[in-house]
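A note on names: the letters A, B, ... follow the listed sequences, proteins ahead of strands, and every chain is numbered from 1.
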2 protein chains.
Amino acid sequence: MSDVPPPRPPRPLGDRANFLLSQLGYYTAHRFARRLAPLGIQPNHFGLLMHLEQAEGRSQQQLADALGIHRKVMVGLLDDLESRGLAQRRRHPADRRAHAIHLTSQARDLLEQARAIADEEEEEVLTALDERERAVLVALLQRMASQTGNPPGVHPRLGATLA
Amino acid sequence: MSDVPPPRPPRPLGDRANFLLSQLGYYTAHRFARRLAPLGIQPNHFGLLMHLEQAEGRSQQQLADALGIHRKVMVGLLDDLESRGLAQRRRHPADRRAHAIHLTSQARDLLEQARAIADEEEEEVLTALDERERAVLVALLQRMASQTGNPPGVHPRLGATLA
DNA sequence: GGTAATAGTCACCTGATGGAACAGTTAGTC
DNA sequence: GACTAACTGTTCCATCAGGTGACTATTACC
């Protein structure tokens, strides 16, 4: 009789690029969220604030399109920001249906702090790598993101239900 | 009078290693989940099956500890697997409180299919990279995972509420 | 002027998440 | 050998994000 075939260890998860990406991505995102919490915002608010900084006065719909989310989600995000005094819904000069979204000066201050936190988090997740390796890693990841159709700076989590 | 300081575009999210990791990690995990759906399981089931393959006969508590989750969660995961005929709760030979968890032959077949799907997904997310670059990427990611205390093959998502 | 489309909002429902508590069993202790 | 503490697996419940459909106000089309 033949022996029971020895388990023949298959390639472990920790050797797979997709697993490592998911593992590290979740890890760093989660840490970032925890570090951001004292500021009273979450990573998705941070992403919206970052975008607003460069695109002030846009309508909620325009912002939602740019970030790949549904307008309904934008309502909630802006409710959060507005209640924290970080954003304002003003009257849109050209379309009375729409709101023109603006940042407050308070938001700009908070953005600086949030960016510093992001820097910390990045530094920490990259601790094991020297300068040259970091550059290599970022270049590789950018090419992968581009090739897989991930728009620069747009996190797919925001538009989770988009499909 | 001084000009309004030009927006001085800050470093975009797409240049940050932590953002890229989160973006690509979420992307590939999400795609993997969608590809896995026809098999009737989710990524967390896949992770559990992978572990069970190497650690059959363990108790639910032992499995939960190994994967960094709470036993309560393990109950739900095993309910899922058992109802799909992928796992069995047998009597534990040494401890009548505990169950000894075993895979079915059906589970082994399904694991092969799931691994093939994981291979596809990995291949796709790595499309932009040649062989050498892939090896470099995996090596860098593994060092980062190790340095940040991420146990090999254990996805932090499973133990989301651990802290 | 009438109809369709759009911007933003709300109320609802469902599914995941976390906590407390339970019965059955084991292990240590006197 | 009885008693107490600890452990395994499970259920119940309260809570809360996420997704859906319908609704008002305004604009654009013809």
Side-chain angles (χ1 to χ4, degrees), chain A residues 26 29-30 33-34 36-37 40-48 52 55-83 87-102 155-163, chain B residues 26 29-30 33-34 36-37 40-45 47-48 52 55 57-83 87-102 155-163:
Chain A
Y26 184 87
H30 216 247
R34 285 181 55 183
L36 220 45
I41 62 170
Q42 298 171 346
N44 50 4
H45 299 127
F46 176 66
L48 175 52
L52 271 172
E56 216 159 348
R58 304 287 169 83
S59 72
Q60 298 185 192
Q61 180 69 61
Q62 286 174 317
L63 294 170
D65 289 346
L67 295 179
I69 67 182
H70 198 278
R71 358 181 244 291
K72 265 178 284 193
V73 182
M74 186 58 66
V75 172
L77 290 176
L78 286 174
D79 286 348
D80 296 339
L81 293 187
E82 212 171 18
S83 72
Q88 293 176 338
R89 290 185 236 235
R90 301 187 191 159
R91 180 136 297 192
H92 195 288
D95 188 338
R96 297 181 58 186
R97 291 172 299 181
H99 293 151
I101 308 304
H102 288 266
H155 199 294
R157 172 68 212 285
L158 283 175
T161 74
L162 195 65
Chain B
Y26 185 86
H30 216 247
R34 285 181 53 184
L36 219 46
I41 62 169
Q42 297 172 346
N44 50 5
H45 299 127
L48 175 52
L52 270 172
R58 305 286 169 83
S59 73
Q60 299 185 192
Q61 180 69 61
Q62 285 174 318
L63 294 170
D65 289 345
L67 295 178
I69 68 182
H70 197 277
R71 24 185 222 289
K72 202 193 317 176
V73 183
M74 186 59 64
V75 172
L77 290 176
L78 286 174
D79 286 348
D80 297 339
L81 293 187
E82 212 171 18
S83 72
Q88 293 176 337
R89 290 185 234 234
R90 303 187 190 159
R91 179 136 298 190
H92 195 289
D95 188 338
R96 298 180 58 185
R97 293 172 300 181
H99 293 151
I101 309 302
H102 288 266
H155 199 294
R157 172 70 212 285
L158 283 175
T161 71
L162 195 66

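- In this structure, CG in B/Asp80 is found 10.5 Å from CD1 in B/Ile41, a value given to the nearest 0.5 Å.
- Atom CZ of B/Arg96 and atom P of D/dC7 are 20 Å apart (whole Å).
- At least one side-chain nitrogen or oxygen of A/Arg157 sits closer than 4.0 Å to the OP1 or OP2 atom of D/dG18.
- Residues that satisfy the salt bridge (charged side-chain N to carboxylate O under 4.0 Å, His left out) test with B/Arg58, not counting sequence neighbours, are absent from this structure.
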Practice problem: Treat primed atoms plus P, OP1 and OP2 as sugar-phosphate and everything else as base, then score nucleotides 3-11 of chain C 5' to 3': B for base contact with protein heavy atoms under 4.0 Å, S for sugar-phosphate contact only, - for none. | Solution: ---BSBBB-
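- Here the side chain of A/His92 pairs a donor or acceptor atom with the backbone of A/Asp95 at under 3.5 angstrom.
- Across A/Arg71, A/Arg97, A/Met74, a single residue satisfies side chain to side chain contact (heavy atoms under 4.5 Å, CB included) together with A/Gln61, and that is A/Arg71.
- As rounded to whole Å, 17 Å separates atom P of D/dT8 from atom CZ of B/Arg91.
- Remark: the A/Gln60 side chain and the A/His99 side chain contain an N/O donor-acceptor pair separated by less than 3.5 Å.
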